[in-house]
Student: 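Following this message is one structure expressed as structure tokens.
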2 protein chains.
Amino acid sequence: MVTSEQVARLAGVSRATVSRALNGSPRVSAEARKRIEEAIVSLGYEPDVVAQSLVRQRSRTIALCLFFGNDNSTVLSRFGETQHYFYLDMLRDVEQEIAVAHYDLLLHSASTTKKNYIRSLQTRHIAGILAIAMNPTDVRIQTLLEAEIPTIFIDSISQGVHSTYVTSDNLDGSRQATEHLIHLGHRRIMTLISGTDGPVGSKRLAGYCQALQQAGLPVDEQLIYPAGWNTEEAYQATMTLLRERQPRDFTAIVAGSDLMAIGILRAIHESGLHVPNDISVIGFDDVDLCRYTEPPLTTIRQDRSAMVHGAVQRLIQMIETDDKQEECRLSPIITPTKLIVRASTGPAFLQA
Amino acid sequence: MVTSEQVARLAGVSRATVSRALNGSPRVSAEARKRIEEAIVSLGYEPDVVAQSLVRQRSRTIALCLFFGNDNSTVLSRFGETQHYFYLDMLRDVEQEIAVAHYDLLLHSASTTKKNYIRSLQTRHIAGILAIAMNPTDVRIQTLLEAEIPTIFIDSISQGVHSTYVTSDNLDGSRQATEHLIHLGHRRIMTLISGTDGPVGSKRLAGYCQALQQAGLPVDEQLIYPAGWNTEEAYQATMTLLRERQPRDFTAIVAGSDLMAIGILRAIHESGLHVPNDISVIGFDDVDLCRYTEPPLTTIRQDRSAMVHGAVQRLIQMIETDDKQEECRLSPIITPTKLIVRASTGPAFLQA
DNA sequence: CTGAAAGCGCTTACAG
DNA sequence: CTGAAAGCGCTTACAG
């Protein structure tokens, strides 16, 4: 490995000067800077990131913390589960943004105890944390808040001195979805909804209710059906629904998410019914898969790019003000949503 | 931050002894060890990982290198593309295995030049690399080989002093798939295949041919149709196929992958045909999604767990022998595949 | 503008 | 079995 010592020798200066040149200090003469740059190129020098982290007491690394279960699972462990596909789609944008900002991304596996978890983040001198928690009451959220490491939450309404959050306008999105169905003539609109105790589910439910009320339609308890976020539970719930509700008392379904909608579509198919002629279905998220469902899924698009961009910018801003020992309370970001019409929704006139 | 200095003071020993106790050296008295352990607990001490990495000249970090395009993209950047879903499913198993072995996983974004890429891995003192390259001629494979960092490749046939690979028995899997269709009475079996210049595609094509030959069926060039690994290209290819082949000269399709099969199913649906009554379709990989396609997809399962377990064990073994300055050429691992029958394949007697 | 020196938190021969 | 000392590769007051 080439060290700064070798660069210094070749350039005829001290390691201190090499370091200054590298870090853009103004206190380096033009000649010295030139010789150093030449030496760096000819030796193929690149500073040792580990040594830099030690002396700076901070590495340019951002840790990803995904709390999807209540266990001490690994970051990606539950990505195979359909309820998390949306966040997965998000992850690649996260990596891209973080790379542009010259940070590394660490998938650090949670250790057994709460305290150790923070400690291990600290002993790695993590610069910041990007956190996604499915369960709003997950104790690890509080743990992160206490760690005093700059943290940005996605879809968790958690704020503090070193943390803030970014989320979609879930209420408005769900309102648009429901409104779309109302415009198509639907009057009995079911919603299969998840996590109404959490920030995402509760807003989506509220948006559904708001659209009905604005249209002068009653909010019927019978039309609000709870289910898990995943495809399988949505499938099971729909099967139950179609079996029990005879004659059927709804003509459309607002799904809590796209992956739930996929389960719903499957249940409707299996029951010998047609989408959208018999039942219209609308999703939420706009994952890539929507184009390939049968039929292609009408949905509400979350602006992933805006969410990720906002999240990373906020996080880096927190890291930098933290470096200067300043306090920094940043406001959250709420990104807009948008209706994407495909083929799973249609007019209600075909129904009884 | 609690340091080893503080632990040493509290335990009445030197930092050297604390370090020895921590690293399981036998040269520590029972009493000293006991006092040190107590001090560690009472102070909540955990060693600084960055400092350890510096002095050991090696961090307990494994870098993930995914080369999916020919660009300098980030690790996850192309995961939204359907052709990579299988590897994504794999990634969570990778993380799990690596966590169990007490290593961290780094998503390190590729820098611009070939040389810099290795340098930046080195300046981070990466212990090992887990690499997946879609394109067998990707120059970065060679770059990795030259880096002399322990590397395990998945699905790339690359070996060296510090590297080996793990892959499925793609030939046998594809043979099983084709045989399954032959057993169902199909005689004109199409294959939509990708990357026949690479290790995966070429083996799958070979398996298809082998099954036909063993059954005494001719290998007809007309039945081998190249397409990209992704859903969209498979969809387009199938649409073209169904349009151009009138009357249709095949009754079944062996897809290069599950995600290709999804595009194929969609094209068949849109053409007004039925799966499996008109055309049988079989995939490859057995991703989670297979259960939710319409109809559920018959496929060949790759043993992800075995692949990942083998990969991580091999990698760690290489890291450890590398630590001892020993040379270590490990043999590759070829994991078995298995036919999973669902509803997208059926008997051929319904066709003309 | 520049260099000598101290220090980040650990580990590891070396001497005892 | 144990401690003092050197060292991993860098940065940063400090003095000039």
Side-chain angles (χ1 to χ4, degrees), chain A residues 1-37 39-40 43-61 119-127 323-325, chain B residues 1-37 39-40 43-61 119-127 323-325:
Chain A
M1 286 264 298
V2 184
T3 68
S4 68
E5 174 70 40
Q6 295 169 49
V7 174
R9 196 139 40 195
L10 184 59
V13 295
S14 71
R15 282 153 63 210
T17 305
V18 171
S19 176
R20 287 192 200 97
L22 228 43
N23 295 294
S25 159
R27 317 230 130 270
V28 180
S29 68
E31 309 91 81
R33 189 179 300 278
K34 185 159 174 293
R35 289 204 310 279
I36 290 168
E37 277 164 8
I40 286 175
L43 294 171
Y45 171 73
E46 214 160 294
D48 188 304
V49 172
V50 173
Q52 285 181 323
S53 301
L54 181 62
V55 63
R56 289 176 180 155
Q57 292 289 300
R58 165 155 290 174
S59 77
R60 286 189 76 91
T61 303
R119 289 287 305 157
S120 68
L121 250 20
Q122 287 168 336
T123 65
R124 282 164 181 78
H125 295 281
I126 294 298
D323 270 342
K324 298 184 216 137
Q325 313 267 24
Chain B
M1 285 265 297
V2 183
T3 67
S4 68
E5 174 70 40
Q6 295 169 51
V7 174
R9 196 139 41 193
L10 184 59
V13 297
S14 71
R15 283 152 63 211
T17 304
V18 171
S19 176
R20 288 193 198 97
L22 229 43
N23 294 295
S25 160
R27 317 228 130 272
V28 180
S29 68
E31 309 91 81
R33 191 180 298 278
K34 184 158 176 294
R35 288 205 309 279
I36 290 169
E37 276 164 10
I40 286 176
L43 293 171
Y45 171 73
E46 214 162 293
D48 188 304
V49 172
V50 173
Q52 286 181 321
S53 301
L54 181 62
V55 64
R56 290 177 178 155
Q57 291 290 298
R58 167 155 290 175
S59 77
R60 285 189 77 89
T61 303
R119 289 286 306 156
S120 68
L121 250 20
Q122 287 169 337
T123 64
R124 282 163 181 79
H125 296 281
I126 294 299
D323 270 343
K324 298 183 216 138
Q325 313 268 25

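In what follows, chains are A, B, ... by sequence order, proteins preceding strands, each numbered from 1.
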Student: I need the NE2-C1' distance between His125(A) and dG9(D), as an integer number of Å.
Tutor: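 The answer, rounded to whole Å, is 15 Å.
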Student: In whole angstrom, what separates Asp48(B)'s CG from dG9(C)'s P?
Tutor: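 Result: 7 Å.
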Student: Leu54(A) CG to dA6(C) P: how many Å, rounded?
Tutor: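 After rounding, the reported distance stands at 18 Å.
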Student: Please list all pairs passing the salt bridge (Lys or Arg N to Asp or Glu O under 4.0 Å) test where one or both residues lie in residues 48-60 of chain A, with sequence neighbours left out.
Tutor: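 Sorted pair list: Arg58(A)-Asp322(A), Arg58(A)-Asp323(A).
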Student: With rounding to the nearest 0.5 Å, note down the distance linking NE2 in His125(A) to CG in Leu54(A).
Tutor: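 These two atoms lie 6.5 Å from each other.
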Student: Between atom CZ in Arg58(A) and atom C1' in dG9(C), what is the gap in whole Å?
Tutor: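 Value for this atom pair: 17 Å.
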Student: Please work out which residues in residues 25-35 of chain A have a non-hydrogen atom less than 4.0 Å from an atom of DNA chain D and list them by number.
Tutor: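 Heavy-atom cutoff 4.0 Å gives no residues at all.
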Student: Nearest 0.5 angstrom please: Glu31(B) CD to Arg33(B) CZ, how far?
Tutor: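 Glu31(B) atom CD to Arg33(B) atom CZ measures 11.0 Å (nearest 0.5 Å).
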Student: I need the minimum non-hydrogen distance between Arg15(B) and Ser4(B), along with the two atoms involved.
Tutor: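 Shortest heavy-atom separation between Arg15(B) and Ser4(B) comes out as CG-OG, 3.7 Å.
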Student: Considering residues at least two apart in sequence or located in another chain, which fulfil the side chain to side chain contact (heavy atoms under 4.5 Å, CB included) criterion with Ile40(A)?
Tutor: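 With sequence neighbours excluded, Ile40(A) shows a side chain to side chain contact (heavy atoms under 4.5 Å, CB included) to Val7(A), Leu22(A), Ile36(A), Tyr45(A), given in chain and number order.
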Student: Taking atom C1' in both dG16(C) and dT12(C), what distance in whole Å separates the two?
Tutor: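 16 Å, rounded to whole Å.
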Student: Whole angstrom is fine here: how far is it from CD in Glu5(A) over to C1' in dA5(C)?
Tutor: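 Result: 14 Å.
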Student: When rounded to the nearest 0.5 angstrom, what is the spacing between CZ in Arg9(A) and CD in Gln6(A)?
Tutor: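 One finds 7.0 Å between CZ of Arg9(A) and CD of Gln6(A).
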Student: Walk along nucleotides 11-16 of chain D from 5' to 3' and tag each nucleotide B, S or - by protein heavy-atom contact under 4.0 Å, base first, then sugar-phosphate.
Tutor: BBB---
Student: Round to a whole Å and report the spacing from CD of Gln122(A) to P of dC8(C).
Tutor: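 Atom CD in Gln122(A) sits about 18 Å away from atom P in dC8(C).
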Student: Roughly how many Å is it from CD1 in Ile40(B) to C1' in dC10(C), rounded to a whole number?
Tutor: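 Interatomic distance, CD1 of Ile40(B) to C1' of dC10(C): 13 Å.
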Student: Quick one: Gln57(B) CD to dC10(C) C1', roughly how many Å, whole number?
Tutor: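 About 12 Å, once rounded to whole Å.
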Student: Ignoring hydrogens, what is the shortest heavy-atom contact between Ser59(B) and Ala127(B)? Give both atom names and the distance.
Tutor: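 Closest heavy-atom pair between Ser59(B) and Ala127(B): O-CB, 3.2 Å.
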Student: With sequence neighbours excluded, what pairs up with Arg124(A) under the side chain to side chain donor-acceptor pair (under 3.5 Å) test?
Tutor: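 Arg124(A) satisfies side chain to side chain donor-acceptor pair (under 3.5 Å) with Asp104(B) only.
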Student: Considering non-hydrogen atoms only, spot the tightest contact between Ala32(A) and Val28(A) and give its length.
Tutor: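 For Ala32(A) and Val28(A), the tightest heavy-atom pair comes out as CB-CG1, 4.0 Å.
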Student: Quick one, Arg119(A) and Met1(B) - any side-chain contact, counting heavy atoms below 4.5 Å?
Tutor: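 The answer is yes; the side chains approach within 4.5 Å.
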Student: Considering every strand and a 4.0 Å limit on heavy-atom distances, what is the contact class for Val13(A): base, sugar-phosphate, or nothing?
Tutor: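 Since only primed, P, OP1 and OP2 atoms lie under 4.0 Å of Val13(A), the category is sugar-phosphate.
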Student: Please list every stem that involves DNA chain D, where a stem is a run of 3 or more consecutive Watson-Crick or G-U wobble pairs with both pairing distances under 3.5 Å.
Tutor: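 The stems are C:1-3 with D:14-16, C:5-12 with D:5-12, C:14-16 with D:1-3.
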